[in-house]
Colleague: 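Handing you a structure now.
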Amino acid sequence: DVILTSGCSSALDLCISVLANPGDNILIPRPGFSIYRTLAESLGIEARSYNLLADRQWEVDLAHLEESIDDRTAAIVVNNPSNPCGSVYTREHLRAIAHIAERYKVPIIADEIYAHFVFPGHEFHWFASVNPNVPVLSCGGLTKRWLVPGWRQGWIVVYDAKGHFAEVRKGLLALSTRILGPNTVCQAAIPDILEFTPPEFYASTLKCIEENAKLSYAKLSAVPGLRPVMPRSEYPDFPDEMAFTERLVTEQSVFCLPSRCFEIGMFFRIVLTVPSDMMTEACDRIAQFCAAHHRPTGSAGNGRANS
């Protein structure tokens, strides 16, 4: 039921490879992690995007998801908690997604690398826990929660209560032997990591991330023309978020990832895993940059840019 891989990216690669053939399609979230499309298209598989709804905490647009399914749809990729959006789906919302998957008999690739990486007041639910009739390949690893991306320790957990994945299991085992596998020294550490990591480690990590999230949200919400989550264009000097982020790093040495990397426009993503003093300085520099280029809507200039 568990296959170890060279990081979660390798887990996703094996899942897409085993479920889809050239000419098939998989459904991926938009905005979403760019590697889904990279992996699929390298195998001759169409990566078909379904929308996430910004005004509903980036929940899946269920109608758009359903209308994107056809007879060549091999899998639905669900990323929860979400990268880059940071959303955490309720059990009810996951059930709604699972209901569509069950009705159309489409398996789920659950990218759950951020499992349990949620702030107080929110709860993570494994996709496989919401509907036993839907087979799930859950992808995870040590990278996020344990902060060791360079160790390249990932895994696939097979959830198949109804026995739909007999051939898929064989395929995953075959694919996993193409290379020698992840680092064996790090593999040996996994049981102790999972069993003996003190709760204080998780709590302190989440506290740091949450404090940075609140800090950056408060600071950037006060910048004219920037709207965290719901953007608005008030930077006519820049035609899109690529131009905005390129000029930002040139003028202020602050690098933010343009949302084009996640297949959506007019946003940029900031990273919270830095010391709070650096987070403060970065937000201050973004504010200085925006003050230099901001023009309220309705002033001269018709270009569009991002927040």
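In this text the structure is predicted, and so the values were computed from the model without any measurement.
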Colleague: Can you tell me which residue among Arg91, Glu92, Glu112 is in a side-chain hydrogen bond (donor to acceptor under 3.5 Å, both in side chains) with His125?
Modeller: Arg91

Colleague: Determine, using ring centers only, whether Phe124 and His116 are less than 6.0 Å apart.
Modeller: yes

Colleague: Out of curiosity, Lys162 NZ to Asn133 CG, how far, rounded to the nearest 0.5 Å?
Modeller: 5.0 Å

Colleague: Determine whether Arg145 and Tyr202 satisfy the following criterion, side-chain contact (heavy atoms from CB on, under 4.5 Å), listing intermediate values before the conclusion.
Modeller: CA-CA 7 Å; Arg145 199 179 186 204; Tyr202 304 126; 3.6 Å; yes

Colleague: Using distance only, find each side-chain donor-acceptor pair of residues 182-189 under 3.5 Å and give its atom names and separation, not counting sequence neighbours.
Modeller:
| residue | atom | partner | partner atom | Å |
| --- | --- | --- | --- | --- |
| Asn183 | OD1 | Val185 | N | 2.8 |
| Asn183 | OD1 | Cys186 | N | 2.9 |
| Gln187 | NE2 | Pro182 | O | 2.8 |

Colleague: Angle class for the Phe244/Phe268 ring planes (parallel below 30°, perpendicular above 60°, tilted otherwise)?
Modeller: parallel

Colleague: In Å and rounded to the nearest 0.5 Å, what is the OG1 to CD distance from Thr250 to Glu246?
Modeller: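 Output value for this atom pair is 7.5 Å.
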
Colleague: Between CD of Glu195 and CG of Asp192, what distance do you get to the nearest 0.5 Å?
Modeller: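 One gets 7.0 Å once the value is rounded to the nearest 0.5 Å.
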
Colleague: For a 4.5 angstrom cut-off between non-hydrogen side-chain atoms, does Thr5 reach Leu14?
Modeller: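 The answer is yes, as the side chains (C-beta and beyond) meet within the 4.5 Å cut-off.
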
Colleague: For His99 and Arg95, does a side-chain donor sit closer than 3.5 Å to a side-chain acceptor?
Modeller: no

Colleague: Donor-acceptor pair, distance only, cut-off 3.5 Å: does the side chain of Arg178 make one with the backbone of Leu175?
Modeller: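 Confirmed, Arg178 side chain pairs with Leu175 backbone.
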
Colleague: Does Trp58 have its ring centroid less than 6.0 Å away from the ring centroid of Phe262?
Modeller: no

Colleague: Which heavy-atom pair separates Ala75 from Leu19 by the least distance, and what is that distance?
Modeller: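 Looking at all heavy atoms of both residues, the closest pair is CB-CD1, 3.9 Å.
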
Colleague: Counting distance only, does the side-chain N/O of Asp111 pair as donor-acceptor with the main-chain N or O of Val77 below 3.5 Å?
Modeller: no

Colleague: Under a 3.5 Å distance rule, please check whether His164 uses its side chain to pair with a backbone N or O of Pro135 as donor and acceptor.
Modeller: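 Side chain of His164 to backbone of Pro135, a donor-acceptor pair under 3.5 Å: no, none is there.
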
Colleague: Looking only at heavy atoms, which two atoms of Ile28 and Ala47 are closest? And how far apart?
Modeller: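 Nearest pair, atom of Ile28 first, then Ala47: CD1-CB, 3.8 Å.
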
Colleague: Assess whether a salt bridge exists between Arg48 and Asp70, defined as any Lys/Arg side-chain N lying under 4.0 Å from an Asp/Glu carboxylate O.
Modeller: yes

Colleague: Which heavy atom of Pro31 sits nearest to which heavy atom of Leu52, and what is that distance?
Modeller: O-CD1, 3.4 Å

Colleague: Do any N or O atoms from the side chain of Ser10 and from the backbone of Gly7 form a donor-acceptor pair under 3.5 angstrom?
Modeller: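 No, because the side chain of Ser10 does not come within donor-acceptor range (under 3.5 Å) of the backbone of Gly7.
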
Colleague: Less than 3.5 Å apart, any donor N or O on the side chain of Arg37 or Ser49 sitting next to an acceptor on the other?
Modeller: yes

Colleague: Which of these passes side chain to side chain contact (heavy atoms under 4.5 Å, CB included) with Pro258: Ile264, Thr245, Leu248, Asp240?
Modeller: Thr245

Colleague: Taking 4.0 angstrom as the limit, do Glu46 and Arg72 come out as a salt bridge?
Modeller: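 Salt bridge absent between Glu46 and Arg72.
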
Colleague: Taking it one step at a time, do Asn80 and Val88 satisfy side-chain contact (heavy atoms from CB on, under 4.5 Å)?
Modeller: CA-CA 6 Å; Asn80 177 51; Val88 183; 4.3 Å; yes

Colleague: Atom OG of Ser129 and atom CG of Leu94: how far apart are they, to the nearest 0.5 Å?
Modeller: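 Reported value, rounded in 0.5 Å steps: 7.5 Å.
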
Colleague: Indicate if Trp155 and Trp151 have the same hydrophobic cluster label, given that clusters are the connected sets of ILVMFWY residues with side-chain heavy-atom separations under 4.5 angstrom.
Modeller: yes

Colleague: Rounded at 0.5 Å granularity, tell me how far CD in Glu102 sits from CD1 in Ile108.
Modeller: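 If we round to the nearest 0.5 Å, Glu102:CD and Ile108:CD1 are 11.0 Å apart.
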
Colleague: Ignoring hydrogens, what is the shortest heavy-atom contact between Asn79 and Tyr89? Give both atom names and the distance.
Modeller: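 Looking at all heavy atoms of both residues, the shortest contact is O-CE1, 4.2 Å.
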
Colleague: Check whether any side-chain heavy atom of Val158 lies under 4.5 Å from a side-chain heavy atom of Leu137, and answer yes or no.
Modeller: yes

Colleague: Could you pull out the closest heavy-atom pair between Ile69 and Ile100, with the gap in Å?
Modeller: CD1-CG2, 3.7 Å

Colleague: What distance separates Asn212 CG from Cys283 SG, expressed to the nearest 0.5 Å?
Modeller: 8.5 Å

Colleague: Test side-chain contact (heavy atoms from CB on, under 4.5 Å) on Asn83 and Arg269 and set out the steps.
Modeller: CA-CA 10 Å; Asn83 175 19; Arg269 190 191 74 167; 2.8 Å; yes

Colleague: State whether Lys170 and Glu167 are salt-bridged, where the test is any N-O pair (Lys NZ or Arg NE/NH1/NH2 against Asp/Glu carboxylate O) under 4.0 Å.
Modeller: yes

Colleague: Side chains of His93 and Gln57: is there a donor and an acceptor less than 3.5 Å apart?
Modeller: no

Colleague: Tell me the closest heavy-atom pair linking Ile45 and Ala20, and the distance in Å.
Modeller: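 Closest heavy-atom pair between Ile45 and Ala20: CD1-CB, 3.4 Å.
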
Colleague: With Trp146, which of Ile190, Thr205, Leu194 fulfils side chain to side chain contact (heavy atoms under 4.5 Å, CB included)?
Modeller: Leu194

Colleague: Leu220 and Ile270: side-chain contact (heavy atoms from CB on, under 4.5 Å), yes or no, with the steps?
Modeller: CA-CA 11 Å; Leu220 297 181; Ile270 62 174; 4.1 Å; yes

Colleague: So, the side chain of Arg152 versus the backbone of Pro149: is there a donor-acceptor pair under 3.5 Å, distance only?
Modeller: yes

